[in-house]
Amino acid sequence: MGQKDSRVDAYIAKSADFAKPILNHLRKLVHQACPDVAETMKWGFPHFEYKGILCSMAAFKSHCAFGFWKGTLLADDKVLKQVGETAMGDLGRLTKMSDLPGDRELIRLIKKAKKLNDEGVKLPHAPKANKDELDIPAYFWAAVRKNKRALKTFESFSYSNKKDYVEWVTEAKGEETRRKRLETAVAWMAEGKARNWKYIRKSKSVR
């Protein structure tokens with residue numbers, strides 16, 4: 001049987017009122033689709049594990065996010081293709097229950113992700129221009145990979161540009177700050193921007 005984590009209860013309880021029904025519903029569907037799933041907290045937000053990480057959910061100030069750990073391997077699914085690319089998560093910015101796909105579709109997606117873990121399918125290795133030069137956390141890569149434009153930008157960056165983003169995110173003092181920085185980083189990279197794009201723009205305008 002699945003395992004629930006009291007820390008997830010606490011996380012949902014302190015989330016914004018709009019987020020509580022969304023998080024509770026997602027949690028219920030994950031357990032329904034994968035009865036042996038186990039809850040945990042990683043990087044400050046709820047994760048669901050089944051033979052490895054299966055999926056996760058998070059609440060922010062004005063929206064929620066839900067993502068599959070191997071979301072890039074599910075990207076061709078008709079439901080995810082309709083949503084398109086987002087900064088974090090695979091279902092877009094969730095602000096109300098009606099933003100969620102139907103229960104049947106969500107359960108099908110969760111079972112699809114479960115099957116990947118059952119079969120031991122691995123995510124592609126993170127590309128590195130030079131080995132051991134830059135330590136990029138798994139959660140950083142997972143978020144960047146979910147946005148094709150951000151991934152393309154990050155891979156085209158110089159070492160120093162990559163380092164600027166990675167250090168900005170990983171050096172955040174709190175988990176909430178880290179989540180917000182990661183979301184912002186992916187959004188900026190999706191627009192082709194370097195970490196210090198605001199400063200670069202200003203410096204060019206000063207002549």
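Side chains are part of it too, since the values below use all heavy atoms of this structure and drop only hydrogens, waters and symmetry mates. Along the sequence shown, residues carry numbers from 1. Note that the coordinates shown come from a computational prediction; the quantities given were computed from them, not determined experimentally.
For the side-chain hydrogen bond (donor to acceptor under 3.5 Å, both in side chains) with Glu39, the qualifying choice from Gln3, Lys4, Arg27 is Arg27, the only one to do so.
Lys42 and Glu49 are joined by a salt bridge, as a carboxylate oxygen and a charged side-chain nitrogen come within less than 4.0 angstrom of each other. Classification of Glu167 and Arg195 as a salt-bridged pair fails, no side-chain N sitting under 4.0 Å from a carboxylate O.
The backbone N or O of Ser156 lies less than 3.5 Å from no partner atom in the side chain of Lys162, so there is not a single donor-acceptor pair. At distances below 3.5 Å, at least one donor-acceptor pair connects side-chain atoms of Tyr11 with backbone N or O atoms of Ala59. Side-chain N or O atoms of His47 include one that pairs as donor or acceptor with a backbone N or O of Phe45 at under 3.5 Å. Here the side chain of Asn117 pairs a donor or acceptor atom with the backbone of Ile53 at under 3.5 angstrom.
Evaluation of the side-chain hydrogen bond (donor to acceptor under 3.5 Å, both in side chains) rule for Thr95 yields Asp99 as partners, not counting sequence neighbours. The side chain to side chain contact (heavy atoms under 4.5 Å, CB included) search around Lys180 returns Glu176, not counting sequence neighbours.
Ring pair Phe140/Trp168: centre-to-centre distance not below 6.0 Å.
At a threshold of 4.5 Å between non-hydrogen side-chain atoms, the residues Lys146 and Phe68 do not count as touching.
In terms of heavy atoms, Ala194 sits closest to Phe157 at CA-CZ, 3.8 Å.
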